[in-house]
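One structure below.
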Amino acid sequence: MFYKEKGFYISLACGIVALVAFAAICLNLMGDDTGNSDESPIVAEETPAPTQTKQPETKETSSDPVKKEATVKTPAPAKKKANPTPAPKTVETDTKPVKNKLHFDQETGLLWPVNGNILMEYSADKVVYFKTLAQYRTNPALVIAAKKGTEVKASADGVVTGISTSEETGRTVTMDIGDDFSVIYGQLTDITVQKGDSVSEGQVLGKIAAPTKYYSVEGANLYYQIKEKGETVNPMVLLR
């Protein structure tokens, strides 16, 4: 009986010790969770918020080409004047230099181009005999005898309108002397003028050449013809 009671108390004591130990363990665990009361609580340092830098404003652009065109400002059309003044009309003028108008004074007449005898007279109305050709035919010019190389002078002021070559008259110079008159000089060589040149009375045009086959018998000469409005005129009427 005694031993039974003693065993009971021993068991009770062991149970109390176990409970105390369990309580101590629980308190220890709870102390770890809540932290040491003596230590000051850790406070997280408050870091200043980063300052925001102002971003440059960017204009939104549309990828739509129609919208882009809509944003482009077009200048407003200029207002029309109520009574616009018409622009002055410009008259086109010829830029070429105006040549002095030629004038031929028939009373003053023409300078003889060479000094020489007349081999064949002017004959537009009746035929005359051509020795070289051995035939009769009209002669629309004067054929004036002159030695080969003799200088030929302009009979009046004028402008050279043509330089040509003919089987009958050889190298030939044509001049406009004004008032619808023109002078033709044939059988020339060493011509000193060109087409378009202005020529003064007495100026040398060239020299007498060897006669063409049309005048081989007559010999060296100047073929001298005058025309008025395209019609032949007797030079003897105008030569002074």
Query raised in the report: So, the side chain of Asn139 versus the backbone of Glu121: is there a donor-acceptor pair under 3.5 Å, distance only?
Result: yes
Query raised in the report: Could you state the interatomic distance from CG (Asp197) to CD (Gln203), rounded to the nearest 0.5 Å?
Result: 8.0 Å
Requested in this report: Provide the closest heavy-atom pair for Ile144 versus Gly116 in the form atom of the first, atom of the second, distance.
Outcome: CG2-O, 3.8 Å
Requested in this report: Measure the OG1-CD1 distance between Thr189 and Ile208 for me, rounded to the nearest 0.5 Å.
Outcome: 10.0 Å
Query raised in the report: Transitively linked via ILVMFWY side-chain contacts under 4.5 Å: Leu110 with Val193?
Result: yes
Requested in this report: Say whether, by atom type as modelled, one donor and one acceptor occur between the side chain of Asp179 and the main chain of Phe181 under 3.5 angstrom.
Outcome: no
Query - Listed partners of Ser182 passing side-chain hydrogen bond (donor to acceptor under 3.5 Å, both in side chains), at least two apart - result: none
Report task. Report yes or no: do Val160 and Ile226 belong to one cluster of Ile/Leu/Val/Met/Phe/Trp/Tyr joined by side chain heavy-atom distances under 4.5 Å? Result -> yes
Report summary line: Shortest non-hydrogen pair, Ala154 vs Met175, comes out as CB-SD, 4.3 Å
Query raised in the report: Would you say Ser123's side chain and Lys126's backbone share a donor-acceptor pair under 3.5 angstrom?
Result: yes
Report task. Please determine, by modelled atom types, if Tyr224 and Ser155 share a side-chain donor-acceptor pair under 3.5 angstrom. Result -> yes
Requested in this report: Run the numbers on Tyr214 and Thr132 for side chain to side chain contact (heavy atoms under 4.5 Å, CB included), then give the verdict.
Outcome: CA-CA 6 Å; Tyr214 284 77; Thr132 302; 5.6 Å; no
**Report entry** Least distance between heavy atoms, Pro113 atom then Tyr185 atom
**Finding:** CB-CE2, 4.0 Å
Requested in this report: Determine the sole option in Asp176, Leu238, Asp180 for which the side chain to side chain contact (heavy atoms under 4.5 Å, CB included) test with Phe104 is passed.
Outcome: Leu238
Requested in this report: Indicate if Ile177 and Val199 have the same hydrophobic cluster label, given that clusters are the connected sets of ILVMFWY residues with side-chain heavy-atom separations under 4.5 angstrom.
Outcome: yes
Query raised in the report: Which pairs count as salt bridge (Lys or Arg N to Asp or Glu O under 4.0 Å) when at least one residue sits in residues 198-223, sequence neighbours excluded?
Result: Glu201-Arg240
Query raised in the report: Should we say atom CD of Gln135 is surrounded by more than 12 heavy atoms from elsewhere, each under 6.0 Å from it?
Result: yes
Query raised in the report: Are any side-chain N or O atoms of Thr174 and backbone N or O atoms of Thr161, one a donor and one an acceptor, separated by less than 3.5 Å?
Result: no
Query - Test item: Gln187 side-chain N/O and Thr212 main-chain N/O as donor-acceptor pair under 3.5 Å - result: yes
Query raised in the report: Is Leu239 reachable from Val152 through a run of hydrophobic residues whose side-chain heavy atoms are each under 4.5 Å from the next?
Result: yes
Requested in this report: Compare every heavy atom of Ala134 with every heavy atom of Tyr129, then report the nearest pair and how far apart it is.
Outcome: OH-CA, 3.4 Å
Query raised in the report: Do you reckon Trp112 sits in the same ILVMFWY cluster as Leu205, going by side-chain contacts under 4.5 Å, direct or chained?
Result: yes
Requested in this report: Have a look at Tyr122 and tell me which of Thr138, Thr232, Asn234 forms a side-chain hydrogen bond (donor to acceptor under 3.5 Å, both in side chains) with it.
Outcome: Thr232
Query - Donor-acceptor contact below 3.5 Å, side chain Thr165 vs main chain Gly170 - result: no
Report summary line: Met236 and Leu142 have their tightest heavy-atom pair at SD-CD1, 3.7 Å
Report task. Would you give the length of the straight line joining atom CG of Leu222 to atom CD1 of Ile118, rounded to the nearest 0.5 angstrom? Result -> 11.5 Å
**Report entry** Atom pair CD/NZ of Glu151 and Lys153 - distance to nearest 0.5 Å
**Finding:** 7.0 Å
Requested in this report: Check side-chain hydrogen bond (donor to acceptor under 3.5 Å, both in side chains) between Glu168 and all other residues, then give those that pass, not counting sequence neighbours.
Outcome: Tyr215
Query - Minimum heavy-atom distance between Leu102 and Gly178, given as atom pair plus value - result: CB-CA, 3.6 Å
